[in-house]
Amino acid sequence: MKKVTHSDLANAIRFLSIDAVQKANSGHPGMPMGMADVCTVLFKNFLKFDPSDPEWINRDRFVLSAGHGSMLLYSLLYLTGYKSVSLEDIKNFRQLDSICAGHPEYEKGTGIETTTGPLGQGVANAAGFAIAEEILKAKHGKNIYDHKTYVIAGDGCLMEGISHEALSLAGHLKLKNLIMFFDNNSISIDGPTNLAVSDNYKKRFEAYGWDYIDINGHNEKQIFNAIKKVQKAKKPTVISCKTIIGFGSPNKSGTASAHGSPLGEDEINLVRKKLKWNYAAFEIPKEILNAWKEIGNRGKKENTKWRKKIGNQANKLSNNSSASWNTIFANAKAAAIKNAKPTATRKSSEDILTLLTAEIPELIGGSADLAGSNNTKTKNQKIIKPNDFSGTYMHYGVREHAMCAVMNGIALHSNLIPYGGTFLIFSDYCKPSIRLSALMKQRVVYVMTHDSIGLGEDGPTHQPIEQLAGLRAIPNLNVFRPADTTETIECWQLALQQKETPSILSLTRQNLAAIRNELVNENKCALGAYEVFRTNTNIHLTIIATGSEVELAIESAKELVKHNIHSKVISMPCQELFDQQSESYKNLILNETKAKISIEAASTLGWKKYTGNQGRELGIDSFGKSAPYKKIYEHFNLTSNNIIKVAKEILGK
Ligand SMILES: Cc1ncc(C[n+]2csc(CCOP(=O)(O)OP(=O)(O)O)c2C)c(N)n1
């Protein structure tokens, strides 16, 4: 039997990728063809993984940031013996419900470590994986956690701004366990990358504090030596792999035409000739498949050894301390009612976080240079520093986008629970990563303070208007806007309980009066909306408000009595949770009166569905203003006088 060579192994990846893209008549063959050699050497000799135990916590993480090259990942998963990807799945590349989706989609236990496709996200996710590993290593010891994160980034990933943020942060933190393969093929969609970029990559990476190694990405020996070298790295390392996109394609290699469309039957035949691959589409000769399966089996021994070494500690690692959480929340609520005083919800958030961070070591906090403004750092938290990851608080620097994608990586890694803060307005800088938290069902908590014109003098650049509506439009994301300390505690509880849904906590800068003065064990915010005040059994009007505007709604309801208008006030801290309630509950809340007013100091977009045809939405549909905040509320007519006027109008009084 013929000895299986490196080229045989690499070509198996190439042809599976080519054939799958051709059959789907859609996809990106060029990148897998170009990076097949690098991945073969990595998987064969270095990557610590066990396809029979994809969730082994001490596995190396492999992230394909250049997600369009998804067939590279699927080929590797199939060839090395993951149960998640069969040959049939590969034949169904890009078809409905195939695990081999257009771009890799995270699914626990499959070997697909994260969802990629929006270029650059994977780079920051990888930094998050590497940070999580360092934190867990510092906490549990090298005996248990000792692995690396490998990420493949293309020219596109490195052009994206998020990569600059993430690389800079990784360099600062000296993440020696992070290794990037730069698929340096100098081609993107529009053509050669010199149409748009002339970065000196070596200088760029070195300036970030990374080691830079240059290799020919088709030279097995060079690839091997480079990966061997980085096993002992003291810093994050990029291995810049000079590769040829579409390697092996006589007419398309080295050009943008290999990037994102099927090669075509004729060209594929020429590739088969050139690479001496005399097999039919999707056929992997037995000896080559066996050689790949052996590579897949390599990690099993190491996994078994590791399990023996750590003994029963394994169970402890995957548990977290959730049992004690409910007591913390219950006690905090009791204290909030007892000591009620005007408090900004960002401060209420800090207060509950102070209790939580004392008890829940899995909570990893942070902020994008606004720790003191977002109130995300508690007195219990030590700072995470280069070479010292024993802390639980990250100063992410002014890097909102990377912060959020790093948090996704931290959440994906294992059982850590990341939360991070910025101003709500800058959720716009975070959006692509927030969307991916939601898509990947990750428990990431976004602490977004200064959540309206209530922030005052900083003016329209800092005052969110359309942000809440935009965030609420993201599926599987809970947007919480609590109205006082008790609601803030309840919303934090919900954010931590929802293991498959990320949360936004939209919090105020300004003080808010307590609207809840009766202690109930029930988490009222879990209903999404509930009655918080009423002036009579029989009412004419329903006022729905969120966050800082609940206080205004209650004040207006009291005033309305003087005009013979009785009303109830609904606090709606979370539209998404309210929408999930039973029809009868929704009816109870919304349909007691036809006349309804919503009040939220933000875009009115989306409120009509609650106020209905006879309702009115009070909000702000222009940009904000720079002034003391009470003046801005007046400017935008968010006053009880105006609410009374509107109420009279819709009630015809
Ligand atoms: C944020 C983002 N912008 C644009 C795209 C569309 N896109 C997909 S691949 C690609 C070019 C990437 O070039 P490169 O990384 O060099 O990949 P290669 O051509 O080597 O496969 C672009 C612009 C995307 N996926 N994500």
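Position 1 is the first residue of the sequence; numbering continues from there.
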Do K382 and S390 get their side chains close enough for a donor-acceptor pair, meaning under 3.5 Å? yes
Show your reasoning for whether salt bridge (charged side-chain N to carboxylate O under 4.0 Å, His left out) applies to R472 and D579. CA-CA 12 Å; R472 285 175 181 144; D579 292 349; over 6 Å; no
Angle between ring planes, Y419 versus W492, binned at 30° and 60°: parallel, tilted or perpendicular? perpendicular
Is the distance between the ring centroids of F224 and F46 under 6.0 Å? yes
Just by distance, no angles: are the side chains of Q121 and S65 close enough, under 3.5 Å, to form a donor-acceptor pair? no
Given the rule in the side chain to side chain donor-acceptor pair (under 3.5 Å) test, do H164 and R204 qualify, once you have shown the distances and angles that lead to the verdict? CA-CA 9 Å; H164 293 256; R204 177 178 159 195; 3.3 Å; yes
How close do K235 and G209 get, heavy atom to heavy atom, and via which atoms? CD-O, 3.4 Å
Please work out whether the ring planes of F43 and F49 are parallel, tilted or perpendicular, with thresholds of 30° and 60°. perpendicular
Give the C-alpha distance, both sets of side-chain angles, the deciding distance and a yes or no for salt bridge (charged side-chain N to carboxylate O under 4.0 Å, His left out) between R443 and E500. CA-CA 6 Å; R443 178 173 45 179; E500 297 203 334; over 6 Å; no
Consider only side-chain N and O atoms of T488 and R481, and report whether a donor and an acceptor are under 3.5 Å apart. no
If you take the centroid of each ring, where Trp contributes its six-membered ring, are H401 and Y429 closer together than 6.0 Å? no
For the residue pair Y201 and F182, does the interplanar ring angle fall in the parallel (under 30°), tilted (30 to 60°) or perpendicular (over 60°) class? tilted
So, do T80 and Y82 sit near enough that their side-chain heavy atoms are less than 4.5 Å apart? yes
Can a donor-acceptor pair be found between the side chains of Q493 and N326 at a distance below 3.5 Å? yes
Do N184 and S240 have side-chain N/O donor and acceptor atoms under 3.5 Å apart? yes
So, H172 versus Y208: side-chain donor-acceptor pair below 3.5 Å or not? no
How are the rings of H28 and H259 set to each other: parallel, tilted or perpendicular (split at 30° and 60°)? perpendicular
Has the side chain of N476 got a donor or acceptor atom that lies under 3.5 Å from a matching backbone atom of T501? no
What is the minimum heavy-atom distance between L175 and A127, and which atoms define it? CD1-O, 3.9 Å
Quick one: do the N303 and D53 side chains pair a donor with an acceptor below 3.5 Å? yes
Residues T376 and N374: side-chain donor-acceptor under 3.5 angstrom: no
Partner residues of S52 under the side chain to side chain donor-acceptor pair (under 3.5 Å) criterion, sequence neighbours left out: D50, K300
E576-N478 side chain donor-acceptor pair, cut-off 3.5 Å: no
Run the numbers on M180 and I239 for side-chain contact (heavy atoms from CB on, under 4.5 Å), then give the verdict. CA-CA 6 Å; M180 174 186 290; I239 302 174; over 6 Å; no
For the residue pair D89 / S86, report whether a side-chain donor-acceptor contact shorter than 3.5 Å exists. yes
Considering non-hydrogen atoms only, spot the tightest contact between D60 and E113 and give its length. O-OE2, 4.2 Å
What is the ring orientation for H450 with F423, classed by angle as parallel under 30°, tilted 30 to 60°, or perpendicular over 60°? tilted
Would you tell me whether S17 and Y74 have side-chain atoms, one donor and one acceptor, within less than 3.5 Å of each other? no
